[in-house]
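Beneath this line is the structure, given in structure tokens, with notes to follow.
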Amino acid sequence: MQKLVTFLFFLVLPWISNAQQFVANYDEAKVPVFTLPDVLVFNNGTLVKTKKDWDRRRNEIYTIFEKEVFGVVPEWKGNVKSTIVSQKADAFGGIAKRKEVRLDFMNGDRKVSVMVLIYLPQNSKNAPVFLSYNFDGNHTTTLEPDVLMPDSWVANNKTFGIEDNRANEKGRGAAVSRWPIIEIVSRGFGVATVYYGDIDPDFDDGFKNGIQKLFDSKRDSTSWGSIAAWSWGLSRVMDYIETDKDMNAERVIMMGHSRLGKTSLWAGASDERFAMVVSNNSGCGGAALSRRKFGETVGRINTAFPHWFCDNYKKYNLKEELMPVDQHELLALIAPRPVYVASAAEDLWADPKGEFLSCVFASPVYELLGMKGLPSNVMPALSSPLAGTIAYHIRPGKHDVTPYDWQCYMDFAADYFKLKK
Ligand code: GCU
């Protein structure tokens with residue numbers, strides 16, 4: 001009998017521990033007491049005291065994120081060709097000029113094509129540009145009838161009328177509430193957007209589709225997941241921007257929401273050409289501290305989205321306290337460049353307090369580099385942005401990108417880039 005009980009116990013144990021990964025804690029009283037890795041202490045325990053020290057410490061932290069969280073990008077041996085497929089001088093009644101640029105990634109006979117949709121103010125040469133992935137196709141971000149829709153795999157979505165993993169006309173303009181392009185351009189900014197699935201379709205396909213199929217390297221526990229692939233794609237869009245005479249590559253602001261907010265943080269950390277980074281509701285694996293285990297946890301994200309991170313990240317399922325880094329260090333990798341983190345009050349899954357605390361604990365790096373970190377250690381009231389070189393706000397409402405969020409990002413960027421308000 002005892003043997004049978006022991007046998008049954010071991011049989012259900014994996015199920016219990018798996019189920020544990022799914023139970024989200026939303027009770028502040030149950031947040032474990034934790035100690036964060038000190039961003040200004042080297043792995044060997046010595047202190048980081050100077051800017052020069054920080055460069056070395058930054059490498060240490062970057063390497064850990066690469067090998068333990070997002071995965072290492074293998075060497076790219078292919079080439080990329082850009083083609084302007086459409087141009088319109090008077091989009092939105094003349095407010096903007098519009099371009100669609102196709103990037104063809106090629107390696108031997110393997111090819112992946114990615115479409116970049118760009119709106120620029122008429123006087124565009126110095127306009128800061130928000131570069132941001134969209135979730136469901138470029139045509140969902142605008143009501144303009146002639147913007148191309150993706151022919152790559154898209155997730156089925158009732159609101160967008162997608163049932164066969166192919167985009168169709170029903171999606172046109174369906175995401176405009178997240179893309180106030182006219183307001184953005186009217187304030188002197190540009191927008192460049194790409195459907196993220198053009199780079200890598202967002203499902204667990206064993207890395208056989210998307211950009212990864214153009215790389216020849218064998219996979220191991222440090223190999224890149226989809227977030228690293230999407231981030232890499234943003235750097236390739238940046239390569240294009242550097243060649244576009246209508247754009248200023250020194251004024252590109254990475255902006256991303258949710259999984260694409262995680263992506264924008266990693267892209268900003270990986271590629272110092274991005275002048276500013278905005279993380280909107282990025283949560284677990286993005287701006288939120290993992291050790292708080294509040295809302296989405298490492299175990300939960302790795303189970304639901306096994307293709308987003310490298311396999312090593314799974315070692316920390318239910319063991320966040322063993323992680324050699326935490327997410328405040330991801331923000332610190334962006335220093336001294338400005339970073340804006342935003343939360344939504346009802347988006348507990350993304351742990352607003354954990355997102356805020358990351359900003360607090362990344363601040364000493366900004367200060368070491370002579371910049372202002374987050375100006376307060378106290379969580380601000382709703383809709384009351386805090387802005388140093390790290391900025392933060394929490395607004396009422398759900399997980400989303402709203403006109404208020406955009407207004408805050410534009411105010412912050414207008415100050416930084418000294419645009420007229
Ligand atoms: C899920 C996931 C989050 C992610 C979000 C999104 O909720 O658990 O980590 O941020 O999707 O991208 O919308």
Side-chain angles (χ1 to χ4, degrees), residues 18 20-26 65 69-71 132-137 140-141 153-160 162 174-175 177-179 193-204 225-231 233-234 254-268 277-310 313-314 316-318 320 323 326-327 330-331 341-356 358 394 397-402 405:
N18 212 21
Q20 240 186 309
Q21 294 175 19
F22 284 88
V23 182
N25 173 43
Y26 294 118
F65 271 106
V69 182
F70 297 106
S132 186
Y133 275 127
N134 63 71
F135 278 85
D136 299 279
T140 66
T141 69
W153 181 95
V154 288
N156 288 338
N157 181 328
K158 278 204 184 117
T159 326
F160 295 176
I162 304 170
S177 69
R178 287 185 174 181
W179 297 91
T193 185
V194 175
Y195 165 53
Y196 80 132
D198 270 0
I199 286 284
D200 188 21
D202 191 0
F203 62 95
D204 188 14
S226 293
I227 293 180
W230 296 322
S231 304
L234 290 167
M254 278 293 337
M255 187 282 188
H257 169 59
S258 206
R259 67 198 69 183
L260 300 175
K262 311 181 207 301
T263 302
S264 62
L265 289 170
W266 185 234
V277 180
V278 178
S279 141
N280 192 85
N281 307 178
S282 63
C284 180
L289 291 178
S290 304
R291 279 168 172 76
R292 279 175 44 81
K293 307 190 190 199
F294 189 100
E296 188 172 30
T297 57
V298 172
R300 175 61 175 76
I301 205 167
N302 278 328
T303 309
F305 306 101
H307 57 295
W308 281 3
F309 300 89
C310 70
Y313 195 42
K314 301 186 173 97
Y316 308 106
N317 291 358
L318 297 172
E320 287 85 343
M323 283 176 60
D326 211 316
Q327 302 306 111
L330 179 58
L331 301 187
V341 173
S343 310
E346 289 173 40
D347 185 16
L348 296 182
W349 184 240
D351 186 14
K353 187 170 176 191
E355 297 187 310
F356 168 74
S358 264
I394 175 165
K398 295 197 169 52
H399 187 71
D400 200 357
V401 190
T402 66
D405 295 317

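Every number for a ligand or one of its atoms is a count from 1 in the order of the listing. None of these values were measured; they are calculated from a predicted model.
Atom 4 (C) of ligand 1 has as its closest protein heavy atom Ser258 OG, 3.4 Å. For atom 7 (O) of ligand 1, the closest heavy atom belonging to the protein is Trp349 NE1, 3.2 Å. In this structure, the protein non-hydrogen atom closest to atom 11 (O) of ligand 1 is Arg259 NH2, 3.0 Å. For atom 8 (O) of ligand 1, the closest heavy atom belonging to the protein is Glu296 OE2, 2.5 Å.
At a heavy-atom distance under 4.0 Å, no atom of Leu260 approaches ligand 1. Of the heavy atoms in His257, none comes closer than 4.0 Å to ligand 1.
Side-chain atoms of Asp202 and Trp230 include no donor-acceptor pair closer than 3.5 Å.
Which parts of ligand 1 touch Ile301 is read off a 4.0 Å heavy-atom cut-off, strictly below it: atoms 9 (O). Counting atoms of ligand 1 from 1 in the listed order, those under 4.0 Å from a heavy atom of Lys262 are 3 (C), 4 (C), 9 (O), 10 (O).
Taking 4.0 Å as the cut-off, Tyr196 does not count as a neighbour of ligand 1 on heavy-atom distance. Contact annotation: Arg300 has no heavy atom less than 4.0 Å from any atom of ligand 1.
In this structure, Glu320 does not pair ionically with Arg291, as no charged nitrogen and carboxylate oxygen lie closer than 4.0 Å.
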Query raised in the report: Is there a side chain to side chain contact (heavy atoms under 4.5 Å, CB included) between Met255 and Ser264 once you walk through the steps?
Result: CA-CA 6 Å; Met255 187 282 188; Ser264 62; over 6 Å; no
Report task. Take Ser358 and Gln327, measure what side-chain hydrogen bond (donor to acceptor under 3.5 Å, both in side chains) needs, and give me the verdict at the end. Result -> CA-CA 6 Å; Ser358 264; Gln327 302 306 111; over 6 Å; no
Requested in this report: Determine, stepwise, if the pair Asn134 / Thr141 fulfils side-chain hydrogen bond (donor to acceptor under 3.5 Å, both in side chains).
Outcome: CA-CA 8 Å; Asn134 63 71; Thr141 69; 5.3 Å; no
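Ring pair Phe135/His257 is perpendicular by interplanar angle, where above 60° counts as perpendicular and below 30° as parallel.
In this structure, the ring of Trp153 has its center less than 6.0 angstrom from the ring center of Phe203.
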